[in-house]
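Structure, as structure tokens:
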Amino acid sequence: MNRRIGILISGRGSNMMALVERADGYDVALVASDKPDAPGLAWAKSRGIATFALSPKGIGKAGYEAQIDAALREAGVEIIALAGYMRLLSDDFVARWRGRIVNIHPSLLPRYKGLDTHARAIAAGDAVAGCSVHVVTEELDGGAVLGQAEVPIEPGDTPEILAARVLAAEHALYPRVLKEFVANERPNPA
Ligand code: GAR
């Protein structure tokens, strides 16, 4: 039976779209965002997917996360996929979903955790860049890597040009890795 996933986004949502369009072994039960005007939300709605939007402004992190958590559980979500979700989840939230949150990060982890990955890879003179899908733990971009894809860094690349090349690789990688992950992941007995 298909697993039910929830996708958290903060903006454009192109990885979320790739996960929806190439869904295999999972159903997207909810797309949620910390940015009510995230363009990806409108796209999900237009596809008939349930959405939830809530800004943490004025609520505080704990209250915000409690509502996101409740929305995910109400939608029957078993596994969370972060797709351009640009907010750090609290240790408490991560613990409640232990081993059931995955993320896509635009670097070849463990290199370039955090932000500005493409500029840092170019500045370092790397010949190769890429993206990683990993399990989310309390350590930023530090959980087990489930899959990676590499792309070349070409002479003259700007961070924007490299980001576009990596993004295309992300769209191919994420649905493939999520398919494998949901097939292997067992419901948490706790
Ligand atoms: C993607 O490149 C994703 O890897 C990155 O943000 C972009 C979101 O694009 N995520 C991170 O940097 C997380 N630290 P999208 O909204 O079009 O999927």
Side-chain angles (χ1 to χ4, degrees), residues 5-23 26 28 30-47 49 51-56 61 65 68 79-91 93-94 97 101-124 126 128-153 157-179 181:
I5 72 155
I7 306 178
L8 299 190
I9 65 169
S10 292
R12 178 176 60 184
S14 69
N15 275 291
M16 175 272 295
M17 295 173 196
L19 291 178
V20 168
E21 283 177 340
R22 292 187 42 215
Y26 60 85
V28 179
L30 186 72
V31 173
S33 179
D34 59 322
K35 299 261 194 297
D37 58 354
L41 278 179
W43 184 90
K45 265 186 210 156
S46 77
R47 289 304 190 91
I49 299 168
T51 60
F52 179 82
L54 180 69
S55 167
K61 194 174 180 102
E65 283 191 345
I68 292 276
I79 293 159
I80 299 172
L82 307 183
Y85 183 69
M86 302 308 282
R87 192 168 288 281
L88 283 179
L89 294 168
S90 68
D91 289 358
F93 188 96
V94 171
W97 291 86
I101 310 175
V102 297
N103 179 43
I104 187 148
H105 183 74
S107 79
L108 294 171
L109 291 172
R111 304 200 76 169
Y112 312 125
K113 297 174 180 181
L115 299 175
D116 299 324
T117 54
H118 307 301
R120 289 155 68 200
I122 292 169
D126 294 353
V128 171
C131 49
S132 308
V133 177
H134 66 94
V135 176
V136 172
T137 65
E138 287 83 350
E139 188 199 336
L140 176 67
D141 300 325
V145 172
L146 301 169
Q148 292 183 314
E150 292 186 358
V151 301
I153 300 181
D157 269 357
T158 62
E160 291 72 27
I161 291 170
L162 180 57
R165 194 177 302 127
V166 171
L167 191 65
E170 293 181 41
H171 296 163
L173 179 72
Y174 208 178
R176 181 168 63 72
V177 173
L178 190 60
K179 176 187 174 180
F181 183 77

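Counting starts at 1 for both ligands and their atoms, in listed order.
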Kindly indicate, with the supporting measurements, whether the criterion side-chain contact (heavy atoms from CB on, under 4.5 Å) is fulfilled by Leu89 and Leu82. CA-CA 10 Å; Leu89 294 168; Leu82 307 183; 4.1 Å; yes

What's the verdict on side chain to side chain donor-acceptor pair (under 3.5 Å) for His171 and Ser14, showing C-alpha distance, side-chain angles and the deciding distance? CA-CA 8 Å; His171 296 163; Ser14 69; 2.8 Å; yes

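Looking from atom 12 (O) of ligand 1 to the surrounding protein, the closest heavy atom is Pro106 CD, 3.4 Å. Annotation: atom 16 (O) of ligand 1 to nearest protein heavy atom, Gly13 N, 2.8 Å. For atom 9 (O) of ligand 1, the closest non-hydrogen atom on the protein side is Arg12 NH2, 3.0 Å.
The shortest heavy-atom distance from Ile104 to ligand 1 is under 4.0 Å. In this structure, Met86 counts as a contact residue of ligand 1, since one of its heavy atoms falls inside 4.0 Å of the ligand.
The pair Asp126-Arg111 counts as a salt bridge, with a side-chain nitrogen and a carboxylate oxygen less than 4.0 angstrom apart. The existence of a salt bridge linking Glu65 and Arg87 is excluded, since no basic side-chain nitrogen approaches an acidic carboxylate oxygen closer than 4.0 Å.
Under 4.0 Å from ligand 1, not a single heavy atom of Thr117 appears.
Within a 6.0 Å radius of NZ in Lys179, no more than 12 heavy atoms belonging to other residues, nucleotides or ligands are found.
No side-chain donor-acceptor contact under 3.5 Å links Thr137 to the backbone of Gly142. Arg47 places no side-chain N or O within 3.5 Å of a backbone atom of Met17 that could act as its donor or acceptor partner.
Of the candidates Gly11, Ala83, Ser14, Gly84, Ser14 brings a heavy atom nearest to atom 15 (P) of ligand 1. Counting only non-hydrogen atoms, the option in Glu170, His105, Met17, Met16 that gets closest to atom 2 (O) of ligand 1 is Glu170.
Short contacts between ligand 1 and Leu167, defined as distances under 4.0 Å to a heavy atom of the residue, involve ligand atoms 2 (O).
When only interatomic distances are considered, the shortest N/O to N/O separation between Asn15 and ligand 1 falls below 3.5 Å.
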